[in-house]
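As a basis for the values below, the full set of heavy atoms in this structure was taken, side chains included, without hydrogen atoms, waters or symmetry mates. Letters A, B, ... are given to chains in the order of the sequence lines, protein chains preceding strands, and every chain is numbered from 1.
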Amino acid sequence: MAAGAATPASLESAPRIMRLVAECSRSRARAGELQLSHGPVATPVFMPVGTQATMKGITTEQLDALGCRICLGNTYHLGQRPGPELIQKARGLHGFMNWPHNLLTDSGGFQMVSLVALSEVTEEGVRFRSPYDGEETLLSPERSVEIQNALGSDIIMQLDDVVSSTVTGPRVEEAMHRSVRWLDRCIAAHRRPDKQNLFAIIQGGLDASLRAICLEEMTKRDVPGFAIGGLSGGESKAQFWKMVALSTSKLPKDKPRYLMGVGYATDLVVCVALGCDMFDCVYPTRTARFGSALVPTGQLQLKKKQYEKDFGPIDPECPCPTCKRHTRAFLHTLLHSDNTAALHHLTVHNIAYQLQLMSAIRASIVERRFPDFVRNFMITMYGDQTLCPPWATEALASVGITLN
Amino acid sequence: RMKLNLTKVVNGCRLGKIQNLGKTENHSMDIPGCLLYTKTGSAPHLTHHTLHNIHGLPAMAQLTLSSLAEHHEVLAEYKKGVGNFIGMPEMLLYCSLHDPVSPCPAGYVTNKVLQKSMIIGVIEGGDVMEERLRSARETAKRPVGGFLLDGFQGNPATLEARLQLLSSVTAELPEDKPRLICGVSRPDEVLECIERGVDIFESFFPYLVTERGCALTFNFDYQPNPEETLLQQNGIQEEEKCEEQIKKIKTTGCNQKMTSFEINLKEKKYREDFSPLVRECSCYCCKNHTRAYIHHLLMTNELLAGVLLMMHNFEHYFAFFHSIREALKNDRLTQLKELIRRQAC
């Protein structure tokens, strides 16, 4: 039997870190609660991305005040600077950045795609050439888990062989099978399964049969949760949702489903309907630093002249500190200065927006009105049914939610 | 009506309170004191939340006309005043013509009338004693709320050369109106000016320190307990060792204007230093983070570095001003001055 493969007995004793609180009777949406070492997390959940042990310009106190209970750090970046040994001396990533709640670390796999010019993949692992000093590092499944063990994050991700979703041909299949082998190596190397939850990452690109194989293999492994990877790249939304739906149809119900790299508000709503529980994306925090504020009807590019004399808040319904105190006009003015405070105001608001959206989604599932919530959300965002993106309409229809 | 109450004058240093400030006339401000430095109406790097993490915030913020003048149409249409516009309705506001960090060349001044505000008269006259005295005497005759001493800023050598001039100028000014000075913010220069009758300063120095990735660490505790004295002595020995290093940094141009009142968190030696920026500092940064973390943020060009350093540097600086007032109250300014002088390079 392959190393790490679950025996029937061990499947019974696999840690169940998620408790289901409610399920939508129409779609696949679920509301639940994750039990993690640094406290409970309500799902569905959006996890802001704090790549280098910081949520950009906002303090951990501000992030806590927004209600965030889990956020991301990145193994590749932190492994380079400041390095796992230092972070371990600082009492782990929690101690280093002084974050009292939960952390999830990505394995470094995604950087294989984003930094592809500097990387080379073999069965051994990923060889990176550092852009800072030209030094070569090998990120193997073992090394990735070793670093994440040192970081001490509550959820750690397997190292997966990631290919861009726009790649076709035999490389996709090779990457899928290798990811399964790397999952087993990660499970074997994991020193702290009692404190840190190792998630598998389903690959297979946009090929339904490859995904299905990956799902079948990986769900035999005794892991506390599954991520759906290899999506949210350059693929079409039509292909994207089908792969998500395929994945959730075959993933166990009693374990969390983490859809990586998602996203935009519409994507979050649709993918909750498709049965996903956890999400992460740099978009809300990144777009804030470009002066863009997220609102229920889309986004406001506050640097534009039309906001110069707009004396209302970003969103009159939003209770975040930025909206309670500041006008669009002032933010517009500040964005045109070199005071970084402008960016922080928007980062606070955009994170608040995302977290409030997830809260509202969750409440609607618990109160058995999720399909209505989805309909109202789409009308607010797109105005008219015919303007709702076709892929979203199709995806929702596939799980029993029609828009009219 | 605004009123300056002097509690004490010691060797030319004035200790007191400006009262009945603000629209409701119930705000007050301690002198010697400083203004909260802002850029485009916001403390640099800080939102309301992080700004109010800072203990000892001044009652009055400094706005710069240079950053707001281009928005005067917006402000006019807004109608609720600049305090509300910038989200500081509870703050007293002082508007200077220039930004002390990026001042305009001489001779480029615009005149604006600010209604419902007190006007501060500006004392000019360059380095010519006669002109300075004329400016002081004439301005003092006008119904101004206070005086701004202009033209004393520059590099440390410049101020030193003008200290005599400064004394002569303030001697001409009425005692019951506050004296502000622009462009002077370094701790040692602040003390020199207080001794020559200046009351209010700008707080852009902590901002400059922040921008070069440094943290204020100078000691203003002129009455330490015996344990602290020993640690302090060690600290000062270290400062002397570092003098050579600082001179090196200065000449290489990387941190040209770095002073000996600060440490440079970019230095490798802080990489594994898990102590706070300043031991016993009660600021948000020192209570929650380490030198190693700040070093990491600077190495990775993260925005949070500026936020945390600004919080620490402002708090340290405002606490320095508090210690000046305490020293004056307790007749200990000489000790404080000596302590600061020892740390100035």
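- For Met55(A), no part sits under 4.5 Å from any heavy atom of chain B, backbone or side chain.
- Between Glu61(A) and His49(B), the closest side-chain pair of non-hydrogen atoms falls below 4.5 Å.
- Surrounding CD of Glu73(B) are at most 12 heavy atoms belonging to other residues, nucleotides or ligands under 6.0 Å away.
- The shortest side-chain heavy-atom distance between His296(B) and Phe96(A) falls under the 4.5 Å cut-off.
- Looking at Arg81(A), its side chain does come within 3.5 Å of a backbone N or O of Met299(B) through a donor-acceptor pair.
- When side chains are defined from C-beta on, His344(A) counts as touching Val307(B), because their heavy atoms get closer than 4.5 Å.
- Other residues, nucleotides and ligands contribute at most 12 non-hydrogen atoms within 6.0 Å of the OH atom of Tyr264(A).
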Apply the test side-chain contact (heavy atoms from CB on, under 4.5 Å) to residues Leu86(A) and Glu272(B): give CA-CA distance (whole Å), side-chain angles for both, the deciding distance (0.1 Å), then the verdict.
-> CA-CA 7 Å; Leu86(A) 181 75; Glu272(B) 294 198 22; 3.2 Å; yes

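- Between the OH atom in Tyr78(B) and the NZ atom in Lys309(A) there is a gap of 14.5 Å [rounded to 0.5 Å].
- A donor-acceptor pair shorter than 3.5 Å cannot be found between the side chains of His71(B) and Glu308(A).
- Within 6.0 Å of the CD atom in Glu136(A), the count of heavy atoms belonging to other residues, nucleotides or ligands exceeds 12.
- Neither the backbone nor the side chain of Thr322(A) comes within contact range of chain B; no heavy atom of the residue lies under 4.5 Å from a heavy atom of that chain.
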Please assess Glu302(B) against Arg289(A) for the test salt bridge (Lys or Arg N to Asp or Glu O under 4.0 Å), listing each intermediate value before the final yes or no.
-> CA-CA 12 Å; Glu302(B) 284 286 347; Arg289(A) 297 194 301 283; over 6 Å; no

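- For residues 36-45 of chain B, a heavy-atom distance under 4.5 Å to chain A picks out Lys39(B), Thr40(B), Gly41(B), Ser42(B), Ala43(B), Pro44(B), His45(B), given by residue number.
- Contact count versus chain B (heavy atoms, under 4.5 Å) is highest, among Leu334(A), Thr327(A), Val348(A), Thr347(A), for Leu334(A).
- Ranked by heavy-atom pairs shorter than 4.5 Å toward chain B, the options Ala65(A), Gly95(A), Ala329(A) are led by Ala329(A).
- If you measure heavy-atom distances from Pro321(A) to chain B, you find no contacts under 4.5 Å at all.
- Neither the backbone nor the side chain of Leu51(B) comes within contact range of chain A, judged by heavy atoms closer than 4.5 Å.
- Annotation: the span from Gln52(A) atom CD to Leu304(B) atom CG amounts to 12.0 Å, rounded to 0.5 Å.
- The shortest side-chain heavy-atom distance between Thr59(A) and Met311(B) falls under the 4.5 Å cut-off.
- Side-chain contact of Thr47(B) with Gln62(A): a donor-acceptor pair under 3.5 Å is present, judged by distance alone.
- In this structure, the portions of Ile86(B) lying under 4.5 Å from any heavy atom of chain A include both its backbone and its side chain.
- Two residues are said to be in side-chain contact when any heavy atoms from C-beta on lie closer than 4.5 Å; Asn98(A) and Tyr293(B) fail this criterion.
- In summary, Arg271(B) and Glu85(A) do not engage in a salt bridge, as defined by a charged side-chain N under 4.0 Å from a carboxylate O.
- Using a 4.5 Å cut-off on side-chain heavy atoms (C-beta onward), Phe311(A) and Phe85(B) make contact.
- Taking Thr290(B), Leu308(B), Asn53(B), Asn84(B) one by one and counting their heavy-atom pairs under 4.5 Å with chain A, the maximum is reached by Asn53(B).
- Side-chain contact between Leu303(B) and Leu343(A) is present, with heavy atoms from C-beta onward closer than 4.5 Å.
- Applying the 6.0 Å contact sphere to NZ of Lys80(B) captures no more than 12 heavy atoms from other residues, nucleotides or ligands.
- Here the closest heavy-atom approach between residue His326(A) and residue Gly87(B) is recorded as CE1-CA, 3.9 Å.
- Contacts of Ala342(A) with chain B are absent, with no heavy-atom separation under 4.5 Å from either backbone or side chain.
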